[in-house]
Amino acid sequence: MRGAAYAICLSGVVEREALRWLNQRGRFVSALVRPLVWLAIFAAGFHFVLGVSIIPPYETYIPYEVYIAPGLVAMILLFNGMQSSLSMVYDREMGSMKTLLISPFPRWFLLVAKLLAGVFVSMVQAYIFLAIAWFWDITPPWAGYLAALPALLLSGLMLGALGLVLSSFIRQLENFAGVMNFVIFPMFFTSSALYPLWRVREASLPVYWLSEINPFTHATELIRFALYEKFAPLSALVVAGYLVLFVILAVWGYDPGRGLMARRAGGE
Amino acid sequence: MVSGLSHAFGKRRVLDGVSLTVRPGSFTVLLGLNGAGKTTLFALITRLYHAREGRIAVFGHDIKHEPAPALARMGVVFQQPTLDLDLTVEQNLRYHAALHGMPRRLARARLLEELTRIGLEGRRRDKVRQLSGGQRRRVELARALLHHPSLLLLDEPTVGLDLASRHFLLEHVRSLCRAQGIGVLWATHLIDEVGEDADIIVLHQGRVVASGRPSALLERTGAPDLRRAFALLTGMENAENREEG
């Protein structure tokens, strides 16, 4: 297969993901409403409870809403990453996944294409959220929006790859509620999305260390710093490392010689 | 094409030493009851996963070592529906064309051609959700043919369809065999889908228990018709008698 054919395949996969997203109004709206609810209700409630001192990348005291906005952006990526990967598992018994995998392109390429398609949709959503958040006085510098682009891409890929890994290894993931309880919520709450980690350390050291190794923490920090035109090298490294690890595991899980497809069919 | 194929899920042996060949231009019916191993066989041929033992070759290309040229010449209609209900017919087909690396202009020409052939060109901007079950199946067939495969695999394609749709699908695929020389592997448990001109492969509990032309099967079993021959081969003759009695 030549390069042009690869490009056609990739754009086809991205186009389908975008069309599906536009057509599923429910998914579209709920993906946007979820972080807005957190911003409008949760953040408003905690506005006076949690004071955030001056910590990088911020250069002044900031309201709580401003603090949690990057975490909510990362939350969009997390939810979408899980949803687009796991939808392959329970969407009509993997029908759409079969369609994808019988394409003559190499399987690793198909999985990466699928991943990129999901991330593309997530990033559009993240920017829509940021646009709305602007009216809540969450106003990073203009260049920050641009600087956030690679951070969103890297974080989105990492979280999407995690979803792929889960979809290939965990057989009992029959519904999204299980993923919410055992993956999304624990990752979200043991991260720096809702509260700065120095506060967590004061409260509980084990939780602090869990948060430090949590990839979601570093995705959040990478986005937070980028939004304020700063670079978080450690977070970038950790996110990239997890991305490589998850991609390797996903390709392994979807290998025709082992992993998901055979075991899943055996359970049918 | 398939030789010495065995596969097991855990301890349960699903396919046991299966060998079969689909000749170019032949309409080959894979006949078996539910649970005979038809769907597993299809999954192995389409490389959804590898078999534990045995070899699968498509036009000389081993599916394990040269999957790309093998898959490029294969068209598949799976048992479960695999169209995106919220996308239009055209969008579904365009997606498939992209998965085969087909340039946009070529894809457009091909999809019009295939949709015209199944009589649905007027519905191409409709969402799949608005189509009937029979029409959806026809679209899946058109999709499987979009990249002009030389081998067409269909896994129980008529399940849940009314008589007219079944008839249309069957005739359409038969005519493809005759006119374009496409080799077809048609899995079913419905004996009346076997025509006079078909090659039959009877799969029972993971083994090929008989194969050949309908006339050869009748001769071998001494049965008066195919239904009885199939019942004899799969050890169902008692059930069959009870049903009739």
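Residue numbering restarts at 1 for every chain, and letters A, B, ... go by the order of the sequence lines. None of the values given here were measured: they were computed from a predicted structure.
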- If you round to the nearest 0.5 Å, how far is CG of B:Leu99 from CG of A:Leu110? 7.0 Å

Chain A contact via [X] - side chain, backbone, both or neither, heavy atoms under 4.5 Å:
| X | value |
| --- | --- |
| B:Met102 | backbone |
| B:Pro103 | both |
| B:Arg73 | neither |
| B:Lys64 | neither |
| B:Arg94 | side chain |

- Item | N-O pairing of B:Asp84 and A:Arg16 below 4.0 Å | yes

Measure the shortest side-chain to side-chain distance between [X] and [Y] over non-hydrogen atoms and say whether it is less than 4.5 angstrom.
| X | Y | result |
| --- | --- | --- |
| B:Leu71 | A:Ser103 | no |
| A:Leu101 | B:Arg47 | no |
| A:Ile102 | B:Phe78 | yes |
| A:Val13 | B:Tyr95 | yes |

- Message: If we ignore hydrogens and angles and just use 3.5 Å, is the side chain of B:Asp86 paired with the main-chain N or O of A:Arg20 as donor and acceptor?
- Response: no

- Message: Out of A:Ala7, A:Gly12, A:Ala4, A:Ser11, return the one with the most heavy atom pairs under 4.5 angstrom to chain B.
- Response: A:Gly12

- Could you tell me whether B:Arg174 atom CZ has more than 12 heavy atoms of other residues or ligands within 6.0 Å of it? yes

- In terms of heavy-atom contacts, does OH of A:Tyr127 have more than 12 from other residues, nucleotides or ligands at under 6.0 Å? yes

- Message: Set out, in order, the CA-CA distance, both residues' side-chain angles and the distance that settles salt bridge (charged side-chain N to carboxylate O under 4.0 Å, His left out) for B:Glu140 and A:Lys98, then state yes or no.
- Response: CA-CA 13 Å; B:Glu140 287 193 294; A:Lys98 281 181 180 170; over 6 Å; no

- For A:Ile8 and B:Arg104, run side-chain contact (heavy atoms from CB on, under 4.5 Å): C-alpha distance rounded to whole Å, both residues' side-chain angles, the deciding distance at 0.1 Å, then the answer. CA-CA 8 Å; A:Ile8 289 169; B:Arg104 230 181 156 82; over 6 Å; no

